[in-house]
Amino acid sequence: MTSSAPAPTKTGDFIRDIIDEDLKAGRHTKVITRFPPEPNGFLHIGHAKSICLNFGLALEYREKLGAGTRCHLRFDDTDPAKEDTLFEDGIQADVRWLGFDWDGLYHASDYFEQMYDYAEHLIKEGKAFVCSLTDAEIKEYRGNVTTPGKNSPYRDRSVEENLDLFRRMRKGEFKDSEHVLRGKIDMANANMKMRDPMLYRIRHTAHHMTGDKWCIYPMYDYAHPISDAIEGITHSICTLEFENNRELYDWTIDNLIDYAKFPSRPHQYEFARLNLNYTVLSKRRLLELVEGKHVSGWDDPRLPTIAGLRRRGYTPESIRNFCTTVGVAKANSVVDMAQLEFCIRDDLNQSAPRVLAVLKPLKVVITNYPDDQVQELDAAYFPPDFPKQASRKIPFSKEIYVEQDDFMLEPIKDFHRLAPGKEVRLRYAYCITCTNVVKDEDGNVTELHATYDPATLGANPEGRKVKGTIHWVSAKHAANAEVRLYDRLLSVEAPPAGKDSEFLNAVNPNALQVLTDCKVERSLAESKAGERFQFERQGYFIADEKDHKPGALVFNRIVTLKDSWARAQKK
RNA sequence: UGGGGUGUCGCCAAGUGGUAAGGCAGCUGGUUCUGAUCCAGCCAUUCCGAGGUUCAAAUCCUUGCACCCCAGCCA
């Protein structure tokens, strides 16, 4: 009896430990998280880790703490130059596809007015000032990691002047970059993020949500903590590179005028982002692959984007399981692609019906089988020890196709398949023995002749062992199909550390191989886009969601089956 | 050379002073009309290194070392 895939064993992680302690100490009575993407691109599997963490936490703790515990989807839309509604739509679709729903859809831009008020308050308190240094001067005054910065000459402007300037910034009296609002903290702080950080910049650019209402926009470090505070976020979870920003996150919240009014004092916690070998996860590289037309689009099945994985045939369940198996911790790490591949095989092993498909056909004529006879044979969709027990009929006739790779003119040791004089079992059908090899003038094998043993249908042959079983398809009943064989995006674990486009050299030229003369069993002629199958002995495939239609069958290989024979060959 | 982090099996990752979980990968063997699945077994005398405290240390102390992040008017 095959048990259904056990849920991955999950041990607690440091985030859950923190939450448990907070709850125990009475600091919170509910847990509110948020997933805060910037709507400037597509989500990838790295985001899935964050989504599973944030939404997963809300789901888990809601069971103990009841309603009120929730996870928001918030678009971090503070840079109008890069962001777009189009991306928001894609992100929402991806989150939903992964199986999550948000309790409230928000935008950082919802709070622009309030952020502005807080900024005026900061100015009145003498904690922020309008700086009129140029871009280059600001950079110069900031110092570097080993030398302290210098105070801006505008740092001591009066509250009145600052207020006046800031109000005029809002009114649009200045050009882009003419002034900025900065927090007045400490130019000598060892944490560079605390050297009078920029809070607002002037951008005469329309925003996809607020239109032309604003020409000054808050920076991430100012907008994020305020958004969290307003929404009552209890645990604000982000990735490791924001560790240095935490001090500023705290400074911002602690200096809000109505600090005490907020439902909870949010705290930021950082975890290690996901890294995967044999692929790329950086926004920049993904963008370059798409814009450089190295792939067909954001949903190219070679890509680790959510849209790409979906089209490739990955299930949401398998991705969620993957996220829980990789865990949540603080050490930078690179997860092995084999882990992801395991998760999808594990899922599909349970759910995908088995069918027969010949990818690279080699015709076999069964010389002792009656010319016009056709037998309808029973073929189970799932192995006998599975709970599901559906089956279909597959036609058997005199001419069939088998896989080219399942024949060897001169078989090597331990090759259990077809070769001159050798006998194999045809899955769900008879055993056949290869009696003759037909070649063209170049010596290529073009056809095989074989004889079948009528006594071997549903029974073992008498007095001999047949080791191999191969898949096949009846020549005159088979449907034609295009099959896209996908493999890992990169041919090396990690592209060279180099900047620019060097990683393109690491792109696996065989990440996509298109086969157009495939022969698939009759039943697949009626398959629908999005249906997943196991092509026996080969792998899991999905009928392409865009291109597959009746009469023009197109299947994508999701992942191969484990192949210990192939592995043994490599040694 | 400043500050913030991290170092436990090939890859993830538990472990919170009591004598190294689990998953993936790998290796053996068994079952099998998928060289798949499934099943059984193996896989860290040792936790970045060196000292120290302790009856007892991956866990505490000292001191090295390695790697990551911070000098966008990006997030």
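Numbers restart at 1 for each chain; the letters A, B, ... are given by sequence-line order, proteins then strands. The figures here come from the full heavy-atom set of this structure, side chains too, leaving out hydrogens, waters and symmetry mates.
Between A/E341 atom CD and B/G26 atom C1' there is a gap of 15 Å when expressed in whole angstrom units. When rounded to the nearest whole Å, the span between NZ of A/K139 and P of B/C70 equals 13 Å. The separation between A/Q538 atom CD and B/G35 atom P is 11 Å, rounded to whole Å. Atom pair A/N349:CG and B/C24:C1' shows a separation of 16 Å (rounding to whole Å applied). Distance CH2 (A/W472) to C1' (B/C33): 12 Å, rounded to an integer number of Å. Between the CZ atom of A/F382 and the C1' atom of B/A36 there is a distance of 14 Å, given to the nearest Å. Nucleotide B/G35 holds its C1' atom 12 Å from the CD1 atom of A/I412, rounded to whole Å. Across the protein-nucleic acid pair, A/R537 atom CZ and B/A36 atom C1' stand 10 Å apart, rounded to whole Å.
Distance noted for atom P between B/A56 and B/C38: 46 Å (whole Å). Nucleotides B/G5 and B/C61, compared at atom P, are 16 Å apart to the nearest Å. Nucleotides B/C55 and B/A50 have their P atoms positioned 23 Å apart, rounded to a whole Å. For the P atoms, the distance from B/C47 to B/G7 is 15 Å, rounded to whole Å. Rounded to whole Å, the C1' atom of B/A13 lies 11 Å from the corresponding atom of B/C24. The C1' atoms of B/A44 and B/A25 are separated by 16 Å, rounded to the nearest whole Å. With P as the reference atom, B/U37 and B/G23 are 16 Å apart, rounded to whole Å. With both ends at atom C1', the span from B/C67 to B/U53 equals 29 Å, rounded to whole Å.
Which of B/C12, B/U34, B/G23 sits closest to the side chain of A/Q339 comes down to B/G23. Of all nucleotides listed (B/G35, B/C73, B/G26), B/C73 comes nearest to the side chain of A/M219. Comparing atom distances between the A/E536 side chain and each of B/U34, B/A71, B/U37 picks out B/U34 as nearest. Counting only heavy atoms from C-beta on, A/K193 has its side chain closest to B/A75 among B/C33, B/A75, B/G35. For A/E241, the side-chain atoms get nearest to B/A75 when compared with the rest of B/A75, B/U34, B/G35. Out of B/U37, B/A14, B/G35, the shortest distance to the side chain of A/A329 is found at B/A14.
The nearest pair of heavy atoms linking A/R425 to A/C431 is NH1-SG, 3.7 Å. Contact between A/A223 and A/M115 at its shortest, heavy atoms only, is O-CE, 3.6 Å.
Using a 4.0 Å cut-off between charged nitrogen and carboxylate oxygen, A/R392 and A/E521 count as a salt-bridge pair. Salt bridge A/D196/A/K184: absent, no basic N to carboxylate O contact under 4.0 Å.
Contact annotation: A/R195 side-chain N/O to B/G72 OP1/OP2 distance is not under 4.0 Å. Of the side-chain N and O atoms in A/R284, none sit less than 4.0 angstrom from OP1 or OP2 of B/C74. Neither OP1 nor OP2 of B/A71 sits under 4.0 Å from any side-chain N or O of A/T147. At the phosphate of B/C74, OP1 or OP2 sits under 4.0 Å from a side-chain N or O atom of A/R203. Residue A/S564 has a polar side-chain atom (N or O) positioned under 4.0 Å from OP1 or OP2 of B/A36. Contact check, A/R567 against B/G26: a side-chain N or O comes under 4.0 Å of OP1 or OP2.
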Mind running salt bridge (Lys or Arg N to Asp or Glu O under 4.0 Å) on A/K193 and A/D221 for me, showing each step along the way?
-> CA-CA 9 Å; A/K193 298 286 179 198; A/D221 285 311; 5.1 Å; no
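A/R157 and A/S132 share a donor-acceptor pair across their side chains, judged by distance under 3.5 Å alone. Of the N and O atoms on the side chains of A/N245 and A/Y220, not one donor lies less than 3.5 Å from an acceptor on the other residue.
Checked against the 6.0 Å centroid threshold, A/H224 and A/F242 do not count as a close aromatic pair. You'll find the ring centres of A/Y200 and A/Y222 inside the 6.0 Å limit. The distance between the ring centers of A/F87 and A/F75 does not fall below 6.0 angstrom. Taking the centre of each ring, A/F271 and A/F14 stay at or above the 6.0 Å mark.
Nucleic acid contact for A/V328: sugar-phosphate only, since backbone atoms but no base atoms lie under 4.0 Å from a heavy atom of the residue. Nucleic acid contact for A/Y141: none, since no nucleic acid atom lies under 4.0 Å from a heavy atom of the residue.
No donor-acceptor pair under 3.5 Å is formed between the side chain of A/T456 and the backbone N or O of A/A459.
B/U1 makes up no base pair with any nucleotide shown, lacking Watson-Crick or G-U wobble contacts both under 3.5 Å. When both distances must be under 3.5 Å, the Watson-Crick or G-U wobble mate of B/G64 is B/C48. Judged by Watson-Crick or G-U wobble contacts below 3.5 Å, the nucleotide B/U54 has no partner. Nucleotide B/C43 is matched to nothing when pairs are restricted to Watson-Crick or G-U wobble geometry with both distances under 3.5 angstrom. With both pairing distances under 3.5 Å, B/C24 is matched to B/G10 as a Watson-Crick or G-U wobble pair.
Counting atom types as modelled, A/R425 pairs a side-chain N or O with a base atom of B/C33 as donor and acceptor under 3.5 Å. Residue-to-nucleotide contacts include no donor-acceptor pair under 3.5 Å from the side chain of A/T325 to the base of B/C24. With hydrogens and angles ignored, a donor-acceptor pair closer than 3.5 Å exists between the side chain of A/Q534 and the base of B/U34.
Take the nearest nucleotide of RNA chain B for A/L426 and for A/V180: the residue whose nucleotide is more 5' is A/L426. For the pair A/R345 and A/H179, nearest-nucleotide mapping onto RNA chain B gives the more 5' position to A/R345.
For the segment residues 76-88 of chain A, the set of residues with a heavy atom within less than 4.0 Å of an atom of RNA chain B comprises A/D76, A/T78, A/D79, A/K82, in numerical order.
Between A/F541 and A/F535, the ring planes are parallel. Angles under 30° get that label, and only those over 60° would be called perpendicular.
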What string of B, S and - do you get for nucleotides 1-7 of chain B, 5' to 3', if B is base contact, S is sugar-phosphate-only contact and - is no contact with any protein heavy atom under 4.0 Å?
-> BBBSSS-
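Between A/H416 and B/G35, a base-stacking contact is recorded: ring centres under 5.5 Å apart, planes less than 30° from parallel.
Counting non-hydrogen atoms of neighbouring residues, nucleotides and ligands closer than 6.0 angstrom, the NZ atom of A/K283 exceeds 12 such neighbours.
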